[in-house]
Number of protein chains: 2
Amino acid sequence: MKIDPRHLEMLFAIVHRGGLTEGADVLGKSQPSVSRSLALLETRIGAPLFEPGKRPLKPTELGATLAAEGRKVFEAGQHATGLLERFTTGKTGAVRVAGTPVFLDGVISGMIGAFQVEHPDVRIDQSYGYASDLLPKLEDGALDLAILPMRHGAIPDGLVAEQILPGRNVIACRAGHPLVRRGAVKLNELGQYPWIAPPPDSPLFHDLRLVLDSVGVTDFKVSFSGGSLSAVISILSGSDALTVLPFSVVFMMRRQKLISALPVRIGDPDRHLSILHNTAFAMRPSVKRFAAHIKAEFQTLAGSIMRVSQDQVWRP
Amino acid sequence: MKIDPRHLEMLFAIVHRGGLTEGADVLGKSQPSVSRSLALLETRIGAPLFEPGKRPLKPTELGATLAAEGRKVFEAGQHATGLLERFTTGKTGAVRVAGTPVFLDGVISGMIGAFQVEHPDVRIDQSYGYASDLLPKLEDGALDLAILPMRHGAIPDGLVAEQILPGRNVIACRAGHPLVRRGAVKLNELGQYPWIAPPPDSPLFHDLRLVLDSVGVTDFKVSFSGGSLSAVISILSGSDALTVLPFSVVFMMRRQKLISALPVRIGDPDRHLSILHNTAFAMRPSVKRFAAHIKAEFQTLAGSIMRVSQDQVWRP
DNA sequence: CTGGCTACATAACTTGGCGTTATGAAGATT
DNA sequence: AATCTTCATAACGCCAAGTTATGTAGCCAG
């Protein structure tokens with residue numbers, strides 16, 4: 001005979017609390033409801049679960065045995081509601097986030113670390129990619145969030161993008177690079193140094209081309225290409241090579257004093273760093289929390305950049 | 001938020017079996033029912049439990065987590081139905097049985113032992129008492145069964161008694177008692193030997209008085225009184241004392257060759273050994289099984305007695 | 001690519017059980 | 001014996017889960 005797990009749970013509550021009335025308000029029900037359900041259960045199984053005509057209520061052997069099973073049901077329910085609560089408040093769950101390698105490694109990884117400290121049970125599934133890869137993934141729900149430099153007009157239908165940092169690139173070089181020491185840099189000098197190029201399909205590569213075009217450098221040496229941010233940084237810091245990097249990335253690394261930005265104003269890119277998600281899929285609480293965290297971090301980052309930018313060293 | 005344990009169970013079934021249809025027939029329900037319940041649960045908790053638009057069905061992280069709790073509910077339910085099945089078939093439970101010390105120790109204890117071998121999970125709560133104690137206990141449900149020598153007319157309302165052995169007493173003595181050797185025993189010789197008296201409130205004491213009256217012995221020596229059966233037996237076997245015992249008790253001990261019955265016909269008591277229970281309380285399955293066992297054992301015992309009684313030695 | 005198969009979703013309807021409040025009865029307590 | 005507490009019963013509304021019938025969408029084969 002199949003027993004309704006709710007009945008087991010109810011039986012446990014009654015036995016545990018020693019009475020129908022107490023059991024009822026543990027379960028958040030009225031006493032008559034519990035009384036009738038109990039009576040129904042007893043007739044259904046054809047045996048009394050409590051000694052009849054006794055007060056305080058005392059379970060029969062069968063009643064006590066089944067109540068023990070009821071405890072398991074009750075505890076499973078408790079556990080489940082706990083898990084659900086943690087999930088709905090975003091304290092647990094998973095976030096699938098992707099973005100361009102340079103921003104992810106240079107800026108966002110630190111923010112993810114801070115988030116993980118606060119939310120150790122939220123799993124971050126991070127991956128790398130550019131808009132061409134990531135937008136389809138967002139569209140079919142394979143990804144929760146993408147963090148990409150986007151043009152405002154280039155947002156596909158169904159996706160929504162929030163700008164989290166204005167696009168601004170700088171020419172990066174090692175700290176103590178010959179071009180940094182001098183007050184002004186002549187644009188034609190830039191062509192004399194080797195350049196490190198980002199992967200050809202990356203927005204940064206596009207930006208790099210624009211920069212070099214704008215300063216009239218058409219012929220430049222590419223000494224290194226396609227590496228990760230950390231590779232770029234180590235090449236950069238060990239040579240006189242130049243490259244284009246988001247200002248925010250150079251800014252985040254200012255403490256290490258490995259790299260610096262040339263005091264040259266270059267055209268700002270028309271792409272602005274944005275966080276994207278698909279409106280067709282409701283953001284899970286954990287995703288919401290994560291997104292909020294990232295936005296807040298960028299807010300403070302933008303503030304820091306503003307403040308420090310007043311400084312001479314950082315004004316290009 | 002409170003989750004219905006049935007929903008957890010259902011979720012487990014679906015995840016475990018990998019589909020709504022399979023899950024549904026595990027639960028013994030139709031597929032649409034499960035589908036709708038699942039949809040209800042998902043809207044209730046506000047998050048998908050399965051990846052949408054995927055086949056084969058794949059649970060989300062939350063779905064899998066909650067399904068794990070569902071497994072506990074499911075298993076508790078399985079366990080409970082198993083316990084219930086064992087209970088309803090009488091393979092487990094308790095039996096509260098009481099009776100007169102002499103019958104219980106002399107005849108029934110062996111039967112209980114045999115029952116326990118077959119039903120190790122049935123707990124036998126055995127106690128001693130006479131009708132005056134036990135009938136009230138039966139009446140208020142403190143006892144499931146009583147095994148007592150009863151007059152047919154003396155059954156209280158609400159109780160029902162089934163005779164399991166006709167009343168028949170013998171005069172017991174040690175094996176090799178001087179009175180046994182001779183073919184006939186003169187009644188007046190009986191007064192010469194010391195007598196062991198059962199407790200004064202016991203039916204056997206009453207029978208003893210009747211016997212002695214019937215053989216014209218009005219003045220008799222009581223050498224021992226009030227002991228348990230084993231005490232009576234050990235006194236009896238170590239002396240020439242006499243006492244009145246149920247024939248069945250002497251019969252059961254025939255193998256030990258400690259005691260014997262005098263070849264004297266004494267009046268049969270008007271009480272017959274009966275098994276009593278209260279019709280107001282439905283017999284639990286375990287009690288039913290036990291009662292059936294006892295009745296069957298007495299049936300074979302009565303048969304054995306009949307057969308052996310043809311024998312010279314046992315014909316009084 | 002286009003059927004066809006299979007499995008899930010939806011619709012429409014019925015019903016059983018659980019929720020409520022009001023009130024009666026029975027044990028326990030003094 | 002009176003009272004208080006607690007459980008049982010009654011009457012009624014309603015939700016959820018059950019049913020069958022049918023639509024629709026993934027997945028696979030030809």
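Atoms considered below: every heavy atom in the structure, side chains included; atoms not considered: hydrogens, waters and symmetry mates. Remember, predicted model here, so these are calculated numbers, not experimental data. The sequence lines fix the lettering, A, B, ..., with proteins before strands; numbering per chain opens at 1.
If you take CG of B:Leu57 and P of C:dA7, they are 12 Å apart, rounded to a whole angstrom. If you take CG of A:Leu20 and C1' of D:dT9, they are 13 Å apart, rounded to a whole angstrom. The interatomic distance linking A:Leu40 (CG) with D:dC7 (P) rounds to 18 Å, in whole Å. For the pair A:Leu27 CG and C:dG19 P, the computed distance is 9 Å after rounding to whole Å. Remark: C1' of D:dC7 and NZ of A:Lys58 are 18 Å apart, rounded to the nearest angstrom. If you measure from atom CD1 of B:Ile14 to atom C1' of C:dA7, you get 13 Å, rounded to the nearest angstrom. B:Arg17 has its CZ atom 13 Å from the P atom of C:dA7, to the nearest Å. One can place CG of A:Leu41 at 19 Å from P of C:dG16, the figure rounded to the nearest angstrom.
Judged by distance alone, with hydrogens and angles left aside, A:Arg36 brings no side-chain donor or acceptor close enough to the base of C:dG17 to form a pair under 3.5 Å. No hydrogens or angles were tested; on distance alone, nothing pairs the side chain of B:Gln31 with the base of C:dA7 as donor and acceptor under 3.5 Å.
Out of D:dG18, C:dC8, D:dA17, the shortest distance to the side chain of B:Arg6 is found at D:dA17.
For the residue pair B:Arg271 / B:His206, a side-chain donor-acceptor distance below 3.5 Å is found, with atom types taken as modelled. Using modelled atom types and a 3.5 Å distance limit, the side chains of B:Tyr128 and B:Asp105 yield a donor-acceptor pair.
In this model, the phosphate group of D:dT5 is not approached by any side-chain N or O of A:Thr21 to a distance below 4.0 Å at OP1 or OP2. Here A:Arg44 reaches the OP1 or OP2 of C:dG17: one of its side-chain N or O atoms lies under 4.0 Å away.
B:Ser35 comes within contact range of at least one nucleobase, with a heavy-atom separation under 4.0 Å. Residue B:Ser37 is in sugar-phosphate contact alone, with no base atom involved, counting any heavy-atom pair closer than 4.0 Å across all strands shown.
Nearer to the 5' terminus of DNA chain C, by closest-nucleotide assignment, is the contact made by A:His7 (compared with the other of A:Pro32 and A:His7). When each of A:Ser30 and B:Leu38 is assigned the nucleotide of DNA chain C bearing its nearest heavy atom, the one mapping closer to the 5' terminus is B:Leu38.
Of the inter-residue distances, the one linking B:Arg284 atom CZ with B:Arg96 atom CZ reads 5.0 Å to the nearest 0.5 angstrom.
In this structure, B:His79 and A:Leu66 have side chains that are not in contact, with every pair of non-hydrogen atoms separated by 4.5 Å or more. Two residues are said to be in side-chain contact when any heavy atoms from C-beta on lie closer than 4.5 Å; B:Leu148 and B:Thr100 meet this criterion.
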